[in-house]
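Per chain, numbering begins at 1; letters A, B, ... match sequence-line order.
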There are 2 protein chains.
Amino acid sequence: MLSKKTKYAFHALTYLGKHRDQKTVLIQDISEEYGISHKFLENILLELKKAGILGSKKGKGGGYYLIKDPKDIPLSKVIRLLDGPIALLPCVSLNYYEPCVECKDESKCGLKNVMIQVRDEMLNILENKTLADILDKE
Amino acid sequence: MLSKKTKYAFHALTYLGKHRDQKTVLIQDISEEYGISHKFLENILLELKKAGILGSKKGKGGGYYLIKDPKDIPLSKVIRLLDGPIALLPCVSLNYYEPCVECKDESKCGLKNVMIQVRDEMLNILENKTLADILDKE
DNA sequence: ATAAAACCTATAAAAATTATAGGGTTAATG
DNA sequence: CATTAACCCTATAATTTTTATAGGTTTTAT
């Protein structure tokens, strides 16, 4: 399951996408809309900013805004940023690979093949679906 | 990511599948093979037994054995048993559904559609691949 | 100057996962 | 029939991860 952090990030991005007409959006607006703690959300938005997804303006009248076109924000990027690996096992993760300590010979692990399939199917969707697809439905 | 519990369950089932010629297999044999704590594994095997996947024999000379044909043990069953939901969001889980508290109107959530797709692709593999498929590769 | 807002880092609280502990029950065997 | 080996059961401890809070810093509009 996705963490709350990731889910909240999606909600925030959706909200920002819906309000692209205005220059900036306040953390507070988003946190009130979804009932998310202001401070918790603040950390999430900061991460999204550092990852180059959001821009911000400090000071009075400031706030956050989307810095990219929604269609250029794949869902996989957000998940990886806040949740880490998408794969079900560390040994088949493309971005967060780690060997399974209990596996003597990874090439002989029968699980691995299936988990690669699962990963690829997940990525096939999550790399190609973007924030734009979410916005379309709302 | 799958929990260690689930991963260990798969390892144990694989081991049991490989040793179907013998009447029973000791917890200890499995725990030594994979370097898993005996007691931790014991709990896992108990759960698999209660779920009707394994049988056991108590007392001296006892142990565990597969009670089902490997091809009748879909991977999804093991994951759900030990890890819970396969879906990425509670609101699209078939077996562990829960609404997202922050969603005022679930039917208007743009995330939901994509997450249903992801779930279905995952299930398409995990419901159809079985322990037999894992054993084939080992 | 003041107020409003993001920025930053640390820490606390809660929850989930992983692991251990210890006795109970069952059954084979000499 | 005593002993030993094995699973059974439940509780709790330890660890890790996630979630949340706290409090000050910097920036900017007015």
Side-chain angles (χ1 to χ4, degrees), chain A residues 1-9 11-12 16 22-32 34-67 79 81-85 88 90 96 98 100-102, chain B residues 1-9 11-12 16 22-32 34-67 79 81-85 88 90 96 98 100-102:
Chain A
M1 299 262 279
L2 299 179
S3 67
K4 285 190 178 180
K5 242 180 166 171
T6 299
K7 200 166 52 159
Y8 292 167
H11 286 320
L16 285 160
Q22 52 190 91
K23 280 205 192 80
T24 62
V25 167
L26 298 182
I27 294 175
Q28 182 144 6
D29 292 343
I30 304 173
S31 78
E32 278 173 5
Y34 297 101
I36 306 171
S37 138
H38 179 110
K39 280 296 197 177
F40 192 45
L41 186 59
E42 190 174 353
N43 292 328
I44 295 166
L45 295 181
L46 250 231
E47 283 198 72
L48 291 169
K49 189 200 162 181
K50 285 177 181 163
I53 295 171
L54 299 183
S56 66
K57 190 165 179 299
K58 276 186 171 180
K60 200 169 181 179
Y64 284 96
Y65 50 91
L66 278 180
I67 212 173
I79 295 176
L81 184 65
L82 295 154
D83 248 20
L88 296 186
Y96 297 86
E98 273 183 69
C100 294
V101 283
E102 76 276 12
Chain B
M1 299 262 278
L2 298 180
S3 66
K4 286 190 180 179
K5 242 179 165 171
T6 300
K7 201 167 48 161
Y8 292 167
H11 287 319
L16 284 160
Q22 54 191 91
K23 281 207 192 80
T24 62
V25 167
L26 297 185
I27 294 174
Q28 182 144 6
D29 292 344
I30 304 173
S31 79
E32 278 172 5
Y34 297 100
I36 306 170
S37 138
H38 179 110
K39 280 294 195 177
F40 192 45
L41 186 59
E42 190 175 354
N43 292 330
I44 295 167
L45 295 180
L46 249 234
E47 283 198 71
L48 290 169
K49 190 202 161 183
K50 285 176 182 166
I53 295 171
L54 300 183
S56 67
K57 190 166 178 302
K58 277 185 172 180
K60 199 170 183 177
Y64 283 96
Y65 50 90
L66 278 180
I67 213 174
I79 295 176
L81 184 65
L82 294 154
D83 246 20
L88 296 185
Y96 296 86
E98 272 183 69
C100 293
V101 284
E102 77 276 13

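- Remark: C1' of C:dT25 and CG of B:L46 are 13 Å apart, rounded to the nearest angstrom.
- Of the side-chain N and O atoms in A:S56, none sit less than 4.0 angstrom from OP1 or OP2 of C:dA5.
- Computed from coordinates, the A:E47 CD to C:dC8 P distance equals 12 Å when rounded to whole Å.
- The interatomic distance linking A:H38 (NE2) with D:dT19 (P) rounds to 19 Å, in whole Å.
- Considering only the side chain of A:F40, D:dT19 comes nearest among C:dT18, D:dC7, D:dT19.
- Distances shown here put every side-chain N or O of B:K57 at or beyond 4.0 Å from the OP1 or OP2 atom of D:dA5.
- Atom C1' of nucleotide C:dT17 and atom CE of A:M1 are separated by 15 Å, given to the nearest angstrom.
- Both A:K60 and A:N43 lie near DNA chain C, and the one whose nearest nucleotide falls closer to the 5' end is A:K60.
- Taking only side-chain nitrogens and oxygens, B:Y65 never comes nearer than 4.0 Å to OP1 or OP2 of D:dA6.
- Counting heavy atoms from C-beta outward, A:S31 and A:S37 have side chains that stay 4.5 Å or more apart.
- Counting only heavy atoms from C-beta on, B:K39 has its side chain closest to C:dG23 among C:dA6, C:dA27, C:dG23.
- If you check every strand for non-hydrogen atoms under 4.0 Å, B:L45 touches nothing.
- D:dT21 atom P lies 10 Å from atom OH of A:Y8, rounded to whole Å.
- By the 4.5 Å heavy-atom criterion applied to side chains, B:N43 and B:E47 are not counted as neighbours.
- At whole-Å resolution of the value, CD in A:Q28 and P in C:dA4 are 11 Å apart.
- Checking B:D83 against B:K58, the closest nucleotide of DNA chain C that is more toward the 5' end is the one next to B:D83.
- Out of C:dT18, C:dC7, D:dT19, the shortest distance to the side chain of A:K49 is found at C:dC7.
- A:I27 has its CD1 atom 10 Å from the P atom of C:dA5, to the nearest Å.
- The separation between B:K23 atom NZ and C:dA27 atom C1' is 14 Å, rounded to whole Å.
- Between A:S37 and the phosphate of D:dT21, there is a side-chain N or O to OP1/OP2 separation shorter than 4.0 Å.
- Proximity of A:L88 to B:T6: side-chain heavy atoms (C-beta onward) are nowhere separated by under 4.5 Å.
- Within 4.0 Å (heavy atoms only), A:E42 reaches at least one base atom of the nucleic acid.
- Between A:L2 and A:L82 there is no side-chain heavy-atom pair separated by less than 4.5 Å.
- In summary, B:K39 and B:E42 engage in a salt bridge, as defined by a charged side-chain N under 4.0 Å from a carboxylate O.
- In this structure, A:K4 reaches the sugar-phosphate backbone alone: every heavy-atom distance under 4.0 Å involves primed, P, OP1 or OP2 atoms, never a base.
- Summary of the strand contacts: B:V25 and A:S3 both lie near DNA chain D, and taking for each the nucleotide with the nearest heavy atom, the more 5' one is attributed to B:V25.
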Under 3.5 Å, which donor-acceptor pairs do the side chains of residues 56-66 of chain B form with other protein atoms, sequence neighbours left out?
| residue | atom | partner | partner atom | Å |
| --- | --- | --- | --- | --- |
| B:S56 | OG | B:K49 | NZ | 3.3 |

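- Among the heavy atoms of the strands, none lies under 4.0 Å from B:K7.
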